[in-house]
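Working notes, structure below.
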Amino acid sequence: MSEVRLRFAPSPTGYLHVGGARTALFNWLLARKQHGKFILRIEDTDVARSTQESVDAILQGMTWLGLDWDEGPFYQSDNFPLYKEYAQKLLDSGKAYKCYCTAEELEAKRESALKEGRKPKYDGTCRNAPDRPGQPFVIRFKAPEEGTTTWNDLIKGPISFENQELDDLIIQRTDGTPTYNFVVVIDDATMGITTVIRGDDHVNNTPRQILLYEALGFPVPVFAHVPMILGADKTRLSKRHGATSVMAYRDMGFLPEAMVNYLVRLGWSFGDEEIFSLEDLIQKFSVENVGRSAGVFNPDKLLWLNAHYIKTGDPVRLAELVTPFLKERGVDPSQGGPELVAVVKTLLERAKTMLELADGAVFYYKGDFEYDEKGAAKAFHAEAPALLRLVVEKLAGLSSWTMESIEAVFAEVMAEKGIKLGQLGPAVRLALSGTTASPGIYEMILVLGLEETRKRVERAIAFMEK
RNA sequence: GGUCCCAUCGUCUAGUGGUUAGGACACCGGCCUUUCACGUCGGUAACAGGGGUUCAAGUCCCCUUGGGAUCACCA
């Protein structure tokens, strides 16, 4: 058996949304796992709705997620002559015919059929009618009227349709352009696609496509239909439920590895494991373990995964990633202030998103903050100025600047004054950060450095004595 | 309406005839603790309903109910 070939075939009419991203991911994973090829194809036969911006957005989304492709992107709009050729072939072999019914006539028939409770399928008027040269026509595929079309779906299991339920679908429009079901078959066949993983909204298209493969003499690929993604109210995921664009999640401070991990676990599982890197997934993923039912997109779990990847992430990389968010907040770490990597390390366990990380980092670079009112009322008590001065004095005398030595300073002050940390810590925290929720006071001092610490303490004392 | 698909905690799921029905998120408590978090320990919480098959059914079959997809000269 030769190599497997899979593809992701989005239509460029919008951004890469989470459902599409998951489909792309599944295809990519299977291709990588089986050492096959992953092909990207842009389904832009609907010229009116397709845009280059959408193509760019989709490529950007895939790249962000780390999904690279081996071939493509191919554009269907480049292949129009090829589709015409195959349509002609079908015509020549009597497997397709020209239909002269107008769209209006068909619409009328559909309506009356529906009204009379019959199936709204094409009645075959032109199926055996003679050619009418010079008249506009569409090309219809002559589908078998009896028999059963069956395939063994990798996800859903055996599925079969009675051919009599299917009608003669249009494969080429009046204007000579091909329609979707026809184009997909030709492309997948000519590109040698062996496995088609796609959304399960295509299940109903599959039997017609199989019939087309057979009529064209192409081998039929294996199909795997992935259930769709729902919103919290169990309706199709849409903007009403929050962001659906993959890139919007980047902008909201999510890490691509969190997105990938979340998406793959939505519908797929591997025992009790929850955390998967792309590398793990290449080993462990299998379409057979994808569930058959639709799943609800759960932002809380995504957030939890994101927090996990921030917590365990490389601080150097996170520092790079957080920089643009800091700039949005008027902070440019390259212009001075504490070292960003050190800052990031103090915030890792406290941030669920890069946005939160950025928010938490601002105070390190902007010392002109207000003091939390309630916190100040409690922490900035009468003894505070003296205690703060003593702390700074002792810090200044330190020969080594480490967490341990800084902590030792506090221990000394507490021992000398006979106080507990609760009488000193909150004041320091507030003086340094302006808030009551911050990284540990020793780590803040460590990162801020002696001079900045002194500056902030003096500013706080001035505030208290005012 | 026709066709097709689906059905285990609120959510994502494990489970492939014999389990105290497991894990994760969320939620609620305890612990840790200088704040906020992290971590950690524990708790609440599910097999849609009804018939079969079987010694035994969440697991197999049928029906019901409930969801969903699709029925274009869109993809």
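Throughout, a chain's letter reflects where its sequence line sits, starting with A, and its residues are numbered from 1. None of the values given here were measured: they were computed from a predicted structure.
Taking the six-membered ring for Trp, A:Trp268 and A:Phe276 have ring centres closer than 6.0 Å.
Residue A:Gly295 is classed as a sugar-phosphate contact, given heavy-atom separations below 4.0 Å to backbone atoms only. At a threshold of 4.0 angstrom between heavy atoms, the contacts of A:Thr174 include nucleobase atoms, whether or not backbone atoms are also involved. Residue A:Glu274 is classed as a base contact, given a heavy-atom separation below 4.0 Å to a base. Heavy atoms of A:Asp175 sit nowhere under 4.0 angstrom from any nucleic acid atom. When heavy atoms are screened at a 4.0 angstrom cut-off, A:Val296 is found touching the sugar-phosphate backbone but no base atom. Base engagement by A:Arg49 is indicated by at least one non-hydrogen atom pair under 4.0 Å involving a base atom. Among the protein residues, A:Ile441 comes within range of the nucleic acid bases, having at least one heavy atom under 4.0 Å from a base atom. Nucleic acid contact class of A:Ser160 (heavy atoms, under 4.0 Å, all strands): sugar-phosphate only. When heavy atoms are screened at a 4.0 angstrom cut-off, A:Lys234 is found touching the sugar-phosphate backbone but no base atom. Residue-level contact check: A:Phe297 touches neither bases nor backbone, having no heavy atom under 4.0 Å from any strand. At a threshold of 4.0 angstrom between heavy atoms, the contacts of A:His202 include nucleobase atoms, whether or not backbone atoms are also involved. The residue A:Arg292 sits close only to the backbone: its heavy atoms come under 4.0 Å of sugar-phosphate atoms, none of a base. Within 4.0 Å of A:Thr435, counting heavy atoms only, lies no atom of the nucleic acid at all.
Taking the six-membered ring for Trp and thresholds of 30 and 60 degrees, A:Tyr371 and A:Phe369 have ring planes more than 60 degrees apart, a perpendicular arrangement.
For the residue pair A:Glu257/A:Asn261, the side-chain donor-acceptor check at 3.5 Å is not satisfied. Side-chain atoms of A:Thr13 and A:Arg49 form no donor-acceptor pair, as typed in the model, at a separation below 3.5 Å. Between the side chains of A:Thr148 and A:Thr150, no donor N or O sits under 3.5 Å from an acceptor N or O. A donor and an acceptor atom, one from each side chain of A:Asn163 and A:Thr149, are located under 3.5 Å apart.
Between the C1' atoms of B:rU13 and B:rC6, the separation comes to 16 Å (whole Å). Nucleotides B:rC4 and B:rU64 place their P atoms 14 Å apart, quoted to the nearest Å.
For the pair A:Glu443 and A:Lys345, the salt-bridge criterion is not met [side-chain N within less than 4.0 Å of a carboxylate O].
For B:rU33, there is no paired nucleotide, since no Watson-Crick or G-U wobble pair has both relevant distances below 3.5 Å.
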| message | Run A:Tyr309 and A:Phe254 through ring-ring contact (aromatic ring centres under 6.0 Å, His included) and show every step you take. | response | CA-CA 9 Å; A:Tyr309 283 106; A:Phe254 286 83; over 10 Å; no
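The side chain of A:Val138 sits closest to B:rC73 out of B:rC12, B:rC6, B:rC73.
Counting to the nearest Å, the P atom of B:rA69 and the CG atom of A:Leu237 are 13 Å from each other. A:Ile275 places its CD1 atom 9 Å from the C1' atom of B:rA24, with the value rounded to the nearest Å. For A:Arg198 and B:rA69, the CZ to P distance is 17 Å, given to the nearest whole Å.
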Using a cutoff of under 3.5 Å, can you pull out all pairs of nitrogen or oxygen atoms linking the protein to nucleotides 36-42 of chain B, with atom names and distances?
residue: B:rC36; atom: O2; partner: A:Arg350; partner atom: NH1; Å: 3.0
residue: B:rC36; atom: N3; partner: A:Arg350; partner atom: NH1; Å: 2.5
residue: B:rA37; atom: O2'; partner: A:Glu349; partner atom: O; Å: 2.5
residue: B:rC38; atom: O3'; partner: A:Lys311; partner atom: NZ; Å: 3.1
residue: B:rG39; atom: OP1; partner: A:Lys311; partner atom: NZ; Å: 3.0

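Base orientation of B:rC38: syn, since the glycosidic angle falls within 90° of 0.
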